[in-house]
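See structure below.
In each ligand, atom 1 is the first atom listed, and ligand 1 is the first ligand listed.
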Amino acid sequence: MLTFQQLATVTKGHVVQFVQPLPILNLLTDSRKLSQPAGSLFFAIKGKYNNGHKYLQQLYSIGVRQFVVEEESIDASQLQQLYPEANILQVQNSLEALQTLAAWHRVQFQIPVIGVTGSNGKTIVKEWLAALLSPDEQVVKSPRSYNSQLGVPLSVWQLNANHTLGIFEAGISQPGEMENLQPIIQPTLGIFTNIGSAHDEGFTSRQQKVDEKLKLFKSVELLFYCADYELIDEAVRQQSIKSFTWARRQAADVTITAVTTAGHRSTIVYTYQGQKQRISVPFTDEASVENVLHCLAILLYRNLPLDEIQDRLDRLQPVAMRLEMKEAINGCYLIDDTYNNDLAGLAIALDLLASQPRRSKHTLILSDLLESGLPEEKLYSQVAELVQAHGVERLIGIGETIKAHAAKFGSGSIFYSSTQAFLDDFQAASFRNEVVLVKGARVFEFEKIVHAFQQKVHGTVLEVNLDALVHNLNFYRSKLQPETKLMVMVKAFAYGSGSFEVANLLQFHRVDYLAVAYADEGVMLREHGITLPVMVMNPSPDSFGKLQQYNLEPEIYSLELLEAYLSSLEAGRKYKMHLKLDTGMHRLGFTPEDFDALFKMLQQHPELKVESAFSHLAGADEALHNDFSGQQIANFRSMAAEVEERLGYKVIKHILNSAGIVRFPEHQLDMVRLGIGLYGVEATGSEQEALRSVSILKTTISQVKSIKQGETVGYSRKGIASSDKTIATIAIGYADGYDRRFSNGVGQVLIHGKRAPLIGNVCMDMCMVDVTGMQVKAGDEAIIFGPQLTLVELAEKIGTIPYELLTNVSTRVKRVFYAE
Ligand SMILES: *Cc1c(COP(=O)(O)O)cnc(C)c1O
């Protein structure tokens with residue numbers, strides 16, 4: 001095992017303090033993911049959006065005793081004083097130290113390692129290969145898509161003496177990155193999946209991107225790739241890398257002569273070593289077939305008999321890249337993660353479970369773990385440790401193997417030998433107000449369990465992509481000065497997206513403030529365990545008691561409101577408020593005429609502190625109003641200066657909303673207020689490309705029918721068939737928030753990627769669309785809005801703004817949250 005002294009030697013660090021020898025088991029880079037303080041070594045890394053050095057104190061207080069810190073960030077004598085019991089190493093760059101350590105670890109194991117890179121399919125190829133080779137090898141692989149500068153070292157750190165084969169993926173977004181990853185993975189074999197548009201923006205050309213990616217393979221014995229990708233093929237030849245190719249359009253080591261599909265399977269005919277062979281795979285889409293062909297090449301190269309190859313391919317399952325979160329029966333909340341169930345994946349899912357606020361019990365339903373590369377004894381001891389460390393209160397284990405190791409788990413645990421046995425015993429009533437993580441390997445078909453937990457609702461759902469939210473958050477963060485604080489608006493049910501989930505994510509990503517419109521929204525956040533400061537923009541006097549009880553901070557915009565609020569305060573406590581200034585929006589806020597009275601009242605009540613002063617721009621999104629915005633900002637600056645002077649202390653000053661952040665970067669002041677941008681709409685339109693679409697509203701087709709020319713559709717007989725038509729009735733109406741102005745051809749929905757126009761008026765719970773000439777049937781999905789049918793486009797059609805469409809989606813529409 002690695003000692004602290006060795007760590008210092010390997011990373012060329014400087015030991016600031018060595019107190020005692022401690023085991024180094026986990027490498028920790030994210031203070032939120034701590035489960036075993038005693039064996040953790042924390043690397044304080046300075047990232048684009050965060051700085052690990054901020055969390056030393058917190059980690060020390062919960063028992064972490066080993067730190068790697070950067071020379072520039074913190075002074076050595078200070079460290080010894082603050083953390084007297086910790087081993088501390090100082091390095092120039094913590095991320096580089098982590099990478100160096102991982103590269104050192106890699107060299108301890110002389111086993112074959114397959115490195116996977118390319119634009120698409122890395123994760124699936126890696127997962128499939130691991131599954132296909134697991135009968136012969138003890139495989140260690142990257143968890144999920146851990147393929148970044150940080151993810152790769154953490155992946156490789158898992159390597160231990162039991163493993164006989166490593167499969168690690170590497171992803172890059174700009175030049176220079178692969179040079180860091182190559183020595184960590186040191187692949188002996190390589191797979192270059194393909195080259196496409198992903199991360200084009202980081203490179204000067206595709207060619208440059210190919211060359212960069214190829215750096216992973218500079219010392220492989222053999223590189224597997226598809227020779228039909230000309231850019232890859234040329235570069236590989238030029239660099240004389242030894243290769244094993246497959247191709248459809250030319251001769252290769254494996255020459256594909258035909259791919260045909262029937263039902264849910266594809267048959268692939270190919271020539272290998274002069275022999276014509278055929279295999280069949282349980283997939284039909286292009287991408288899956290390409291991914292499978294990479295795997296086939298490896299299996300052929302390993303000389304597996306054809307019938308064995310066929311047998312293993314038959315057992316391949318689609319890789320569930322999504323982790324979904326949704327409301328379930330009896331107030332339960334379900335985290336559905338049916339991704340391949342291995343130890344690293346379990347640890348990640350448990351981190352997520354542990355990050356759910358503790359309003360309720362945490363339950364884990366777990367299947368046998370597959371492909372762990374560890375002896376069973378050891379594996380289930382580790383699983384039990386993980387489960388305990390993450391504070392799981394109830395474990396339900398499913399499968400013969402986990403059942404056999406029941407004794408390792410706490411006394412509250414229950415075990416079943418199969419999914420069916422659990423379902424036979426499933427009593428909905430025994431689950432109540434708990435967060436339930438469902439984590440099972442594919443073969444256990446845990447989707448049946450998820451189904452048993454689901455509430456019965458109609459087929460309309462709003463899917464919210466949490467990764468896209470984080471992407472958008474980071475986009476706006478990248479525009480901020482390091483010291484500018486960030487308030488995020490989660491009013492109106494987080495712009496229709498679901499306040500608690502969004503707030504929870506924002507809390508996890510450490511924004512500084514949240515804002516809601518009404519006290520009740522704030523109370524709801526508190527009841528779900530949100531501890532961030534929360535500003536309430538429309539506090540009514542009858543809600544003051546609640547504000548104080550739940551530690552919510554009101555916006556005060558008038559003398560009357562201030563007077564009422566002051567009279568509600570109890571002596572001996574401290575309170576915070578936010579002062580709203582009217583600089584030209586003429587909605588809410590104080591004007592300079594109010595100042596004398598305002599400050600007189602505030603001076604008499606030192607128990608009430610003005611935490612911030614702010615104003616709102618009326619036309620931040622349009623250049624047309626630039627002069628006006630400039631005037632508002634100037635007014636605000638001078639009013640806020642007067643506020644501070646008259647109060648005699650500093651307050652947080654803020655005026656920019658989403659559009660303002662993009663258009664007036666020089667006026668960020670102390671804080672900005674992010675709204676619509678987080679939810680994927682760039683209000684100025686100029687940087688829409690940089691944002692990801694967050695929500696998809698979808699429903700299903702209830703019925704398909706044919707109508708004759710001249711017949712009419714729906715209420716008031718407004719939809720008149722101009723010719724014979726096929727129409728589909730879909731399960732969404734104006735009561736779900738689908739605007740009636742979309743009636744009669746104004747709106748369109750997407751079915752199988754094609755646009756179907758509305759016919760007739762939108763009804764309360766349904767509407768009809770024209771699907772003439774399309775292949776559709778009852779039960780098919782219809783997309784109301786999403787990346788291919790944007791809120792911006794739809795809003796324009798009916799003369800409104802995306803804000804209205806988003807917030808109109810009725811609460812009866814079920815929200816499903818997912819991460820990739
Ligand atoms: C809603 C709101 C915002 C956010 O506006 P966006 O245009 O959605 O960014 C900011 N400030 C105040 C006072 C708001 O009411």
Please tabulate, one line per pair, the protein nitrogen or oxygen atoms found under 3.5 angstrom from a nitrogen or oxygen of ligand 1, with distances to 0.1 Å, or say none if there are no such pairs.
residue  : atom   : partner : partner atom : Å
ligand 1 : 7 (O)  : Asn657  : ND2          : 3.4
ligand 1 : 7 (O)  : Tyr803  : OH           : 2.6
ligand 1 : 8 (O)  : Tyr495  : OH           : 2.6
ligand 1 : 8 (O)  : Ile676  : N            : 2.8
ligand 1 : 9 (O)  : Ser658  : N            : 2.9
ligand 1 : 9 (O)  : Ser658  : OG           : 2.5
ligand 1 : 9 (O)  : Gly675  : N            : 3.2
ligand 1 : 11 (N) : His616  : ND1          : 3.4
ligand 1 : 11 (N) : Arg673  : NE           : 2.8
ligand 1 : 11 (N) : Arg673  : NH2          : 3.3
ligand 1 : 15 (O) : Lys491  : NZ           : 2.7

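In plain terms, the two heavy atoms of Arg587 and Asp582 that are nearest each other are N-OD2, 4.1 Å. A pairwise comparison of heavy atoms in Ser695 and Leu462 identifies CB-CD1, 3.9 Å as the closest pair.
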Return a table of donor-acceptor pairs under 3.5 angstrom between the side chains of residues 557-566 and protein atoms on other chains or two or more places apart.
residue : atom : partner : partner atom : Å
Ser558  : OG   : Glu560  : OE1          : 3.3
Ser558  : OG   : Leu561  : N            : 3.1

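Checking each of Ile783, Leu750, Leu789 against Ile696 for a side-chain contact (heavy atoms from CB on, under 4.5 Å) leaves exactly one that passes, namely Ile783.
Geometrically, Arg510 engages Tyr55 in a cation-pi contact, judged by NZ or CZ lying under 6.0 Å from the ring centre and within 45° of the ring axis. Cation-pi geometry between Arg322 and Tyr818 is met: under 6.0 angstrom from the ring centre, within 45 degrees of the axis.
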